[in-house]
Participant: 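First the structure, which I've put down as structure tokens, then a few questions once you've had a look.
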Amino acid sequence: MHDFYSDTKTKPTRAMREAMLEAPVGDEQKDEDPTTRFLCERVADLLGKEAAVFMPSGTMCNEIAIRVHCRPGDEIICERSCHVIGFEGGGPAALAGAMVHPIDGVHGRMTSDQVRGAVRYPSRYDPRSRLLSVEQTANLAGGAVWPLNQLNEIASVAKEHGLSTHMDGARLMNAVVSSRTPAADFAAGYDSVWIDFTKGLGAPVGAVLAGSSEFIEEAWRFKQQMGGAMRQSGVLAAMALHALDHHVVRLADDHTRAGRISDHLRTLSKVTAILPVETNIVIFDLSEEGPDAEELADLALDAGVIIGEFGERRIRVVTHLDVDDGSVEALCAVFSAHLS
Ligand SMILES: *Cc1c(COP(=O)(O)O)cnc(C)c1O
């Protein structure tokens, strides 16, 4: 099977599994796991923050960050297609008691005017604007990369109004590789930021949330409260460290392959729109003349290819560690056969 559904589908490589064997471990909950501590220090450095904490998932990073930043009744300004709104089971409302203020961005990106327009002035009636949250890269916008200046601009608007800032960096390293911009630069205007090890980096479990020491201390309280504290997590951290050493530079290969898929789609008549491909995600729409998303996904499956249905006529394919040039050929052959 050539699985283009998501970059979460990667299986840990043999070398990654071997990295677990020698990893020194201890009780993470008591700060006694040396490998986890090393990973957290390394990610804090990478992101230019004082401290970091290892989490079971990216979702927990988002939800805990929101809990630290927001009190019940506070409002989060974020882009409408973001993971926080659409894929976390209503977590901001359920866990932090926060409201969301969705903005319709362009390719997942908001302008400083939009953010300024969304900030509420202090009043007895309004929810309190408390947090600006951005996604780098913007997943449902096709892995779009925020330019550094746009991230900085909206962060300063947020700061002017006393808001905190949060970056969902599930695929931040894809943005780093694609734009050759250091992760710490992207994160500089953001009080909290995290990277996921289970997306393009190819590890089976884990994400690291970073921020000021004070922020991480508060994040730890909620991690403990929500049952996210671990024990000998060094075996997991060892795989994440292996990913940092071996799976970052190669993200460029995923981007090249995604570009090739997009070039191929452009030659096909039953494809109407393709979102600009900047990293490893290709999102495109199917014309009324051809199969719909469900039909195309079934046809692909018959040919040993898995693609994602993201709407009646919208498809998402994602390149990653476990799809190679041969997989891209198989995928393009399916598209040629049914979308020409
Ligand atoms: C996958 C993803 C998450 C959640 O990460 P998990 O590790 O799957 O919980 C959050 N935000 C974005 C943009 C994602 O793509």
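Everything numeric in this text was worked out from a predicted model, so none of it was measured. As the structure lists them, so they are numbered: ligands from 1, and atoms in each ligand from 1.
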Participant: Closer than 4.0 Å to some heavy atom of Asn139 - which atoms of ligand 1 meet that?
Facilitator: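 Matching atoms, with element in brackets: 15 (O).
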
Participant: Output yes when the distance from some N or O of ligand 1 to some N or O of Thr137 is under 3.5 Å, and no in every other case.
Facilitator: no

Participant: One thing to verify: whether Asp292 and Arg313 come together as a salt bridge, which I'm taking to mean a side-chain N less than 4.0 angstrom from a carboxylate O.
Facilitator: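 Looking at Arg313 and Asp292, the cut-off is not met.
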
Participant: Return the orientation label for the Phe310 and Tyr5 ring planes: parallel under 30°, perpendicular over 60°, tilted otherwise.
Facilitator: tilted

Participant: Could you give the distance from CG (Asn62) to SG (Cys78), rounded to the nearest 0.5 Å?
Facilitator: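 These two atoms lie 10.0 Å from each other.
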
Participant: Provide, to 0.1 Å, the distance between atom 11 (N) of ligand 1 and the closest protein heavy atom, together with that atom's residue and name.
Facilitator: Asp168 OD2, 2.5 Å

Participant: Do Glu278 and Ser178 get their side chains close enough for a donor-acceptor pair, meaning under 3.5 Å?
Facilitator: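 Ser178 and Glu278 do not have a side-chain donor-acceptor pair below 3.5 Å.
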
Participant: Is the closest N or O pair between Thr59 and ligand 1 shorter than 3.5 Å?
Facilitator: yes

Participant: May I ask you to check whether Met60 has an N/O atom sitting below 3.5 Å from an N/O atom of ligand 1?
Facilitator: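 No - when backbone and side-chain N and O of Met60 are compared with those of ligand 1, no distance drops under 3.5 Å.
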
Participant: Could you tell me whether Lys159 atom NZ has more than 12 heavy atoms of other residues or ligands within 6.0 Å of it?
Facilitator: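 Yes.
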
Participant: So if I count the atoms of ligand 1 from 1 in the order they appear, which ones are less than 4.0 Å from some heavy atom of Arg171?
Facilitator: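 Here the atoms of ligand 1 in question are 15 (O).
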
Participant: Less than 4.0 Å is my threshold; does some heavy atom of Trp194 fall inside it relative to ligand 1?
Facilitator: yes

Participant: Which residue supplies the protein heavy atom nearest to atom 2 (C) of ligand 1, what is that atom called, and how far is it?
Facilitator: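 Result for atom 2 (C) of ligand 1: Lys199 NZ, 2.3 Å.
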
Participant: Need the ligand 1 atom indices (1-based, order shown) with element for anything under 4.0 Å from a heavy-atom of Asp196.
Facilitator: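 Atoms satisfying the 4.0 Å criterion: 5 (O), 6 (P), 7 (O).
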
Participant: In chain order, what residues pass the side-chain hydrogen bond (donor to acceptor under 3.5 Å, both in side chains) check against Arg17, with sequence neighbours excluded?
Facilitator: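 Partners of Arg17 under the side-chain hydrogen bond (donor to acceptor under 3.5 Å, both in side chains) test: none.
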
Participant: Looking only at non-hydrogen atoms, find the nearest pair between Asp185 and Leu148 and report the distance.
Facilitator: O-CD1, 3.2 Å

Participant: Could you tell me, atom by atom, which parts of ligand 1 come under 4.0 Å of a heavy atom of Ala170?
Facilitator: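 Checking each atom against Ala170, I get 2 (C), 11 (N), 12 (C), 13 (C), 14 (C), 15 (O).
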
Participant: Would Glu135 count as being in polar contact with ligand 1, using the rule that some N or O on each side must be under 3.5 angstrom apart?
Facilitator: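 No.
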
Participant: Sorted by first residue and then second, give each salt bridge (charged side-chain N to carboxylate O under 4.0 Å, His left out) pair with at least one member in residues 166-181; sequence neighbours left out.
Facilitator: Asp7-Arg171

